[in-house]
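Note on naming: letters A, B, ... go to the chains in the order of the sequence lines (proteins, then strands), and numbering restarts at 1 for each one.
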Number of protein chains: 2
Amino acid sequence: MSPKKSIDEADARARILAAAAEVFASVGFGGARIDDIAERAGINKAMLYYHVGDKERLYATVLINTVERGLASLTEATQKAKTPSDKLRCILEAFGELGASNPHLIPIMLREVASGGATLPDEMLIRMAGVFRTVQEVLLQGVKEGVFRPTDPLLTHVSLVGCMMFLVASRPIRARLGKIAGVETQHSLRDLAEHTANLFLKGLEVEQPKKRGKK
Amino acid sequence: MSPKKSIDEADARARILAAAAEVFASVGFGGARIDDIAERAGINKAMLYYHVGDKERLYATVLINTVERGLASLTEATQKAKTPSDKLRCILEAFGELGASNPHLIPIMLREVASGGATLPDEMLIRMAGVFRTVQEVLLQGVKEGVFRPTDPLLTHVSLVGCMMFLVASRPIRARLGKIAGVETQHSLRDLAEHTANLFLKGLEVEQPKKRGKK
DNA sequence: GTCTATATACCGATAGAC
DNA sequence: GTCTATCGGTATATAGAC
């Protein structure tokens with residue numbers, strides 16, 4: 001805010017948040033060590049407290065900050081496409097890119113889901129609700145245009161997001177699993193987004209009315 | 001093993017593992033406190049170490065023990081149905097029941113995915129590979145019978161499992177989300193399994209060859 | 001087998017010098 | 001704004017009496 005806040009200070013804060021996101025993502029809130037985060041950020045522990053406050057505040061800040069950088073791209077994605085199907089594809093792709101450019105958000109959110117959202121601030125829920133509304137509109141538009149069958153919008157949205165997040169985050173485990181089962185596991189983010197899009201678009205498609213046929 | 005191992009001892013061990021599963025599921029490995037687990041198990045902390053060993057060993061034991069109780073039902077589910085579609089439905093339903101009868105497995109696995117499987121023992125991977133092989137066979141059978149389109153079996157399997165686990169675990173967050181967005185969020189496990197099954201079965205269906213049409 | 005008491009280490013947070 | 005030193009609390013793990 002103030003012009004007194006130097007570039008270095010903003011940089012220090014950014015480095016702290018980046019390091020914290022990394023640690024929270026890999027070991028969770030309980031497993032994270034402030035000393036570890038400070039060291040990775042290349043900053044003194046006392047300075048970390050000076051800049052962002054205590055551990056809980058640090059976590060909330062990381063959460064908001066991390067999601068803020070990516071959410072715009074999602075709503076934006078729905079606008080550069082016309083048909084509901086294309087919009088859904090764009091959302092999935094934007095989601096893949098969000099996971100790529102911001103690799104710590106997904107593990108953090110998976111942990112939040114695992115804990116039932118115990119440490120998920122309302123501020124975050126409001127942003128998630130915004131994303132849901134965007135997806136919901138696309139789904140409703142698709143139903144109105146007769147290309148999507150009607151489904152529970154919340155369940156469909158959560159399935160979509162959850163499936164994509166799970167696929168992205170499970171890459172290391174898929175690699176080990178594929179090694180045991182003897183199948184290929186090297187998939188790009190684009191592969192994952194495309195697989196998910198194909199699955200869900202076909203899954204949402206209306207039944208093609210057959211010209212004839214008993215069903 | 002030995003007849004000297006009393007019922008009480010087995011009971012104590014079971015109580016420890018149950019309490020540990022609960023705590024690990026809700027706060028993760030790093031957030032779990034041995035004192036907390038011992039107290040919930042109604043046992044002295046020193047006895048906990050006596051029975052199962054240190055924290056890491058306790059975690060691994062919980063993991064194997066928790067999954068062992070549920071995996072049989074999954075492979076069993078594929079045998080009480082004939083067609084690939086019905087088998088897939090049965091798998092999803094068995095998965096829902098697994099989540100219900102064993103509510104701590106899903107959060108624990110979500111955390112494992114979040115950490116890239118950092119603490120996931122090989123013993124667990126082998127069991128997961130067994131489930132994958134079962135699903136893979138169903139998918140391949142479906143393709144051979146001409147009811148499923150060919151997909152990457154590992155991605156489809158992970159999508160299926162991930163989607164279902166995410167839906168089940170996200171219930172508390174869905175409730176908060178639905179409150180903000182003003183939509184209904186009360187879904188039974190059966191609702192979730194059915195929604196997922198409908199989505200995936202339609203998503204895997206072969207294209208109905210149209211009699212005419214430009215595409 | 002059971003429990004108390006404690007060793008040992010670590011972690012979050014801050015006081016205070018510069 | 002920056003860093004050292006440290007306080008106070010708590011965690012895992014075990015020793016040892018019974």
Task: Positions of residues 34-41 of chain B (non-hydrogen atom under 4.0 Å from DNA chain C), listed by number - done: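 None, since no heavy atom is under 4.0 Å.
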
Would you please name every residue forming a salt bridge (charged side-chain N to carboxylate O under 4.0 Å, His left out) with [X], sequence neighbours left out?
X      : answer
A/R176 : B/D122
B/R13  : none
B/K202 : A/E207

Task: Of residues 47-59 of chain A, the positions that come close to DNA chain D - non-hydrogen atoms, cut-off under 4.0 Å - done: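 Residues of residues 47-59 of chain A that come under 4.0 Å of DNA chain D are, in numerical order, A/M47, A/Y50, A/H51.
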
Task: Proximity to DNA chain D (any heavy atom under 4.0 Å), residues of residues 24-32 of chain A only - done: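 Result for residues 24-32 of chain A: none.
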
Open item on the list: Under the ring pair (Phe, Tyr, Trp, His ring centres under 6.0 Å) definition, can you give me all pairs with a residue in residues 12-32 of chain A, not counting sequence neighbours?
Closed with: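 Sorted result for residues 12-32 of chain A: A/F24-A/F29, A/F24-A/Y59, A/F29-A/Y59.
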
TODO: Return each pair, listed once, that meets ring pair (Phe, Tyr, Trp, His ring centres under 6.0 Å) where at least one residue sits in residues 163-186 of chain B; pairs must be two or more places apart or across chains.
DONE: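 Residue pairs passing ring pair (Phe, Tyr, Trp, His ring centres under 6.0 Å), neighbours aside: none found.
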
Open item on the list: Just to verify, what does A/F132 make a ring pair (Phe, Tyr, Trp, His ring centres under 6.0 Å) with, not counting sequence neighbours?
Closed with: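 Scan of A/F132 (ring pair (Phe, Tyr, Trp, His ring centres under 6.0 Å), adjacent residues dropped) gives A/H157.
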
Donor-acceptor contacts, no H, no angles, side chain residues 46-54 of chain B, under 3.5 Å, sequence neighbours left out:
unit_1 : atom_1 : unit_2 : atom_2 : d
B/D54  : OD1    : B/E56  : N      : 3.4
B/D54  : OD1    : B/R57  : N      : 3.0

Euclidean distance, atom [atom1] of residue [X] to atom [atom2] of [N] [Å, nearest integer]:
X     : N      : atom1 : atom2 : result
B/R33 : D/dT10 : CZ    : P     : 11 Å
A/K45 : D/dC3  : NZ    : C1'   : 12 Å
A/N44 : C/dA17 : CG    : C1'   : 13 Å

Open item on the list: Does B/R127 have more than 12 heavy atoms from other residues, nucleotides or ligands lying within 6.0 Å of its CZ?
Closed with: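 Buried by this count: over 12 neighbours within 6.0 Å.
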
TODO: Hey, could you give me each pair passing salt bridge (charged side-chain N to carboxylate O under 4.0 Å, His left out) that has a residue in residues 20-36 of chain A? Not counting sequence neighbours.
DONE: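 Counting only pairs at least two positions apart or across chains, the salt bridge (charged side-chain N to carboxylate O under 4.0 Å, His left out) contacts touching residues 20-36 of chain A are A/E22-A/R40, A/D35-A/K45, A/D36-A/R40.
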
Side-chain atoms of residues 100-110 of chain B: list all donor-acceptor pairs with protein atoms under 3.5 Å, sequence neighbours left out, distances to 0.1 Å.
unit_1 : atom_1 : unit_2 : atom_2 : d
B/S101 : OG     : B/E97  : O      : 3.2
B/N102 : ND2    : B/T66  : O      : 3.1

